[in-house]
Asks: 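A single structure is presented below for examination.
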Amino acid sequence: MKKIISALALSCILFTETTTAQLNGIIPQPVQIKFATTEGHFILDPQTLLLADSLINPANFLNEYLLNYYGFNLKKNSKGTKHGISLSIDKHINTKEGQYTLSVNKQDVKITGNSAQAVFYGVQSLIQLLPAEKTSAKSLKLPAVNIVDYPRFAYRGMHLDVSRHFFDVAFIKKYIDYLALHKLNNFHWHLTDDQGWRIEIKKHPKLTAISAWRNGTIIGLYPGTGNDGQRYGGYYTQEDVKEVIRYAADRYINVIPEIDVPAHSMAVLAAYPEFGTEPTKKYEVAQTWGIFNRLNNVLQPTEQTFKFLEEVLTEVITLFPSPYIHIGGDEASKIWWKKSSVSQKIMKDNNLKDESALQSYFIHRIEKIVNSKGKTIIGWDEILDGGLAPNAIVMSWRGEKGGISAAKQKHKVIMTPENMMYFNHSQFLKDDSLTAARYVPLKTVYDYDPVPTALTVSEAKYIWGAQGNLWSEYISNPAKLNYMLFPRLDALSEVLWSPKEKRNYKDFQNRLKTQFKRYDLMKINYSKRYLTNLYP
Ligand code: ACM
């Protein structure tokens, strides 16, 4: 009896579920993690073999990470070995989409997954078990552990506005790596807006010759203290876009392009005023923020506008393998259509009772184009105005109201309410750095639950996931971007990935301490204020 009791006690010691941070630096928090504290360590060194079968992307990612941050990588080997890291697919033990199992003991490290993508997630967890500090040692200790893990939401997104400020391909790749490290699977690339068009469209070269450049930018917080008078701009060639898509695909991240219509189109109108509601006006690529209702940035819903948009979308859809195309739909002030006799005639001819119906008509027309090419539209929640297009996915940003309404109408929803998911707002009540006006602290992001209590269980199934948004009016360089992004991206990843009942802010803050060391190692800027005050 004594023996049985002590064996039981021992088994409790061997695998202890821990919420402490000394060992677990993994973000997002896995579904299940048990450290075998008495089992010792696996030593990862240049002699360790990597058995990866055909799982080239997860294996390459691991090797690149090791080379970048520890100065060595592993030989790949297809034969069995006693001392190695094996990556393989096993759908029997990993039954859920995205599920992986990671085990580390003295002899070996095994990652199995439901798919190559799931194995890749296992690799992300593995690299977070490695020492976070810089070390010249070529012998790295991995703690013995068993992890079973899978995501809570199918859509796990992060957005970036490259119109207000442009970020080059090299940085976009880094951004994709940040998303990969946090097990996100969608990059929403906001490519067009009033302040600059950022994608080459071969049929309409003025979009890059004219629309991609502005002749100045306001200084300081809107309305600004002046204008810098500097020509500013840039765009991605179609080859750049292909390179980004390939890079993201290797990291199991889908790239969703956004072509924002019918508003946010001042840059388009600067090149093609004939598509505006005031075709004789001299439109300019915007140099200021906060355009809504003040400056005319709306497209005229004529057949020539739809023909132009069809040509643009055809090239975009040919380039992007994403099943989803974001068509914007936000902040279309109705005043320009009200003032335009052409818009009014189009409304009359199409039996549209008001400008909300015209907004809906516009989105329906765009949806038809996109659907005809086998793709689905995503739009900001204004696409609910005047009636939702039949297959549209709604991105709820003006709070959760739009998302709730769309879910009740059985449309898929991505939650991105501004008060919780907009990382361009300040993290602190008083920020030394210029930011958008609201206050979105780390804890607010962490505490967000994308499933509103207003929904029934069957309606809640339409909540596809959530997304963090990064608008770049006040973000003009990568260091500032990282400062705004980290560690709110970490909080977002737990919202999207970890089981709701596993979320614990105190434990998260503890794990962040390790994560910050890793960011130092990776030369990622984050708000250093969290080092002295983790509890703002
Ligand atoms: C938005 O923030 N205008 C979607």
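Computed from a predicted model, the values in this text were never measured in an experiment. Numbering of ligands and ligand atoms starts at 1, following listing order.
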Asks: Any salt bridge between Asp431 and Arg529, counting N to O under 4.0 Å?
Replies: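 No.
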
Asks: Under a 4.0 Å threshold between the charged nitrogen and the carboxylate oxygen, would Asp507 count as salt-bridged to Arg511?
Replies: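 Yes, this pair counts.
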
Asks: In plain terms, say whether Lys307 and Glu311 are close enough for a salt bridge, that is, a side-chain N and a carboxylate O under 4.0 Å apart.
Replies: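 Yes, Lys307 and Glu311 are salt-bridged.
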
Asks: Considering non-hydrogen atoms of the protein only, which is the closest contact for atom 2 (O) of ligand 1, and what is the distance?
Replies: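 Ranking protein heavy atoms by distance from atom 2 (O) of ligand 1, first comes Tyr422 OH, 2.6 Å.
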
Asks: Salt-bridged, Arg365 to Glu303, with N to O below 4.0 Å?
Replies: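 Answer for the salt bridge query: yes.
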
Asks: Tell me which part of Glu331 gets within contact of ligand 1: side chain, backbone, both or neither, using heavy atoms under 4.0 Å.
Replies: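 The side chain, only.
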
Asks: Distance under 4.0 Å to a non-hydrogen atom of Trp471: what atoms of ligand 1 satisfy this?
Replies: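 Going through ligand 1 atom by atom, the ones under 4.0 Å from Trp471 are 1 (C), 2 (O), 4 (C).
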
Asks: Return the residue, atom name and 0.1 Å-rounded distance of the protein heavy atom closest to atom 3 (N) of ligand 1.
Replies: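 Here the closest protein heavy atom is Asp330 OD2, 2.7 Å.
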
